[in-house]
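Structure record follows, encoded as structure tokens.
One-based numbering, in listed order, for ligands and for the atoms of each. When reading the values below, keep in mind they use all heavy atoms of this one structure, side chains included, and skip hydrogens, waters and symmetry mates.
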Amino acid sequence: MARQPQTQPASAPPPESATTPGNPSLHDANGILTIDLGAIAANYKTLVARVMPGECAAVVKGDAYGCGIDQVTAALSAAGCKTFFVAHLSEARRVRAVAREAVIYVLNGFSSAAGQGFVDTYARPVINSLVELAEWDHFVATTGFSGSAALHVDTGMNRLGLSIEEAAAIASHIRSESHHIALVMSHLACAERPDHPLNDQQIRQFREIRSLFRGISSSLANSPGIFLDPSTYCDLVRPGVALYGGNPTPRKPNPMRPAIEVKAHILQVRNVSRGAAVGYGSTWTARRESRIAVIAAGYADGVMRAAAITEGKSPREVLVAGKRCPIVGRVSMDLMALDVTDLPVSAVRRDQTVTLIGEGLTLDEVAEQAGTISYEVLTSLGRRYHRIWKA
Ligand SMILES: *Cc1c(COP(=O)(O)O)cnc(C)c1O
């Protein structure tokens, strides 16, 4: 495997949260986002053990699913991870700065204009079409770049990747000539639904592709794919969300450790009379004398606007002093309201924090209450929390 010459230690220690640029101080922030790097490393090791002797990579696109690409990459490198997947070259630069020797794949592909960026970062593009392959071949031929690439073949998702027919047509060239293809991969569209018929179809088609590209490493599984069937492991698995504590086995107990906790401050507690409405659009009306806690977190902090109470839907909840309280009215950009009427008056005070995710209120539960998935909740958390990376 082509490696960059080692010039610095394989991984740098995670930066101090207080000195991380763009991380507001505890007193400037609306709340606290704690990222448990130990849990992320433990989740990585759980997956490593599961797919052995296959290799386990880590997907750290989207700022490591909102958890901090620098800190997460350093923690996973220390846990033994040697291969990282990102979406963009800008993300590859961040990974390279922390993981000097790692193999880095850029999922969103290759273009001639980005060529120099791949040289600078010694990253590997994931080739997603014949046009990209032609540009890559030309780039390698004209620059003499020694780096490698992955070839992405579509097996039914119809997002990115060469068609199976295209892959079959070029397979013999790829194997005999110097295209620097180090990995052949595909992506599962429905792995989180084990009974979906597309899974078997994709697994079967990828088996054919692997035989066309015999001798080249292969990769198919994302997080739920790893829990679908061992036939998806191939040479390399590409988990993302499971590392960050998302459940890769929906509707079954989560085998991963929770990795994030989100808390926000109470700005004030107010009394609302029976019949009075709360928030934009007056969508929630108090049916009794109510006490409302106004929280310093809104949709700019990843609390989905769709999360608010609507008739006929179970409410989204937040933990106040360990008790679940519903979000009432519309979620604003920076604020939301909780009905805390059922709590003792002394249990809810200004400046106290409430828990949006954590203490048994799981990421997946919060996502489901908001009508979305853990991935979107993680990547929407925003930049206003004071972030603490726990070793
Ligand atoms: C995002 C992504 C992954 C990781 O998916 P998870 O479901 O988060 O594990 C793997 N492969 C590709 C191609 C991706 O785009």
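Looking at Ser223 against ligand 1, both its backbone and its side chain come within 4.0 Å, counting heavy atoms. Looking at Val241 against ligand 1, both its backbone and its side chain come within 4.0 Å, counting heavy atoms. When non-hydrogen atoms are compared, ligand 1 lies under 4.0 Å from the side chain of Arg159 (C-beta onward) but not from its backbone.
Using a 4.0 Å cut-off between charged nitrogen and carboxylate oxygen, Glu261 and Lys390 do not count as a salt-bridge pair. A salt bridge links Asp342 with Arg288: the closest approach of a Lys/Arg side-chain nitrogen to an acidic carboxylate oxygen falls below 4.0 angstrom. Using a 4.0 Å cut-off between charged side-chain N and carboxylate O, Lys263 and Glu359 make a salt bridge. A salt bridge links Arg383 with Asp63; the closest basic N to acidic carboxylate O contact falls under 4.0 Å. Asp120 and Arg96 are not joined by a salt bridge, as no carboxylate oxygen comes within less than 4.0 angstrom of a charged side-chain nitrogen.
Within the 4.0 Å heavy-atom shell around ligand 1 one finds Pro224. Put simply, part of Pro239 is less than 4.0 Å from ligand 1, judged by heavy atoms. For the ligand labelled ligand 1, residue Phe85 lies outside the 4.0 Å heavy-atom shell.
In terms of protein heavy-atom proximity, atom 5 (O) of ligand 1 is nearest to Asn222 CB, 3.5 Å. Nearest protein heavy-atom neighbour of atom 8 (O) of ligand 1: Tyr65 OH, 2.5 Å. In terms of protein heavy atoms, atom 10 (C) of ligand 1 is closest to Arg238 O, 3.4 Å. Summary of contacts: the protein heavy atom closest to atom 12 (C) of ligand 1 is His187 CE1, 3.3 Å. Atom 14 (C) of ligand 1 has its closest protein heavy atom at Lys61 NZ, 3.0 Å. For atom 7 (O) of ligand 1, the nearest non-hydrogen atom of the protein is Tyr375 OH, 2.6 Å.
A donor and an acceptor atom, one from each side chain of Asp235 and Ser218, are located under 3.5 Å apart. Side-chain polar atoms of Arg124 and His180 form no donor-acceptor pair below 3.5 angstrom.
Distances below 4.0 Å separate heavy atoms of Leu107 from the following atoms of ligand 1: 13 (C), 14 (C), 15 (O).
Among the atoms of Gly240, some N or O lies under 3.5 angstrom from an N or O of ligand 1.
Side-chain N or O atoms of Asp364 include none that pairs as donor or acceptor with a backbone N or O of Gly246 at under 3.5 Å.
Between Phe139 and Phe145, the two ring planes are perpendicular [angle over 60°; tilted spans 30° to 60°].
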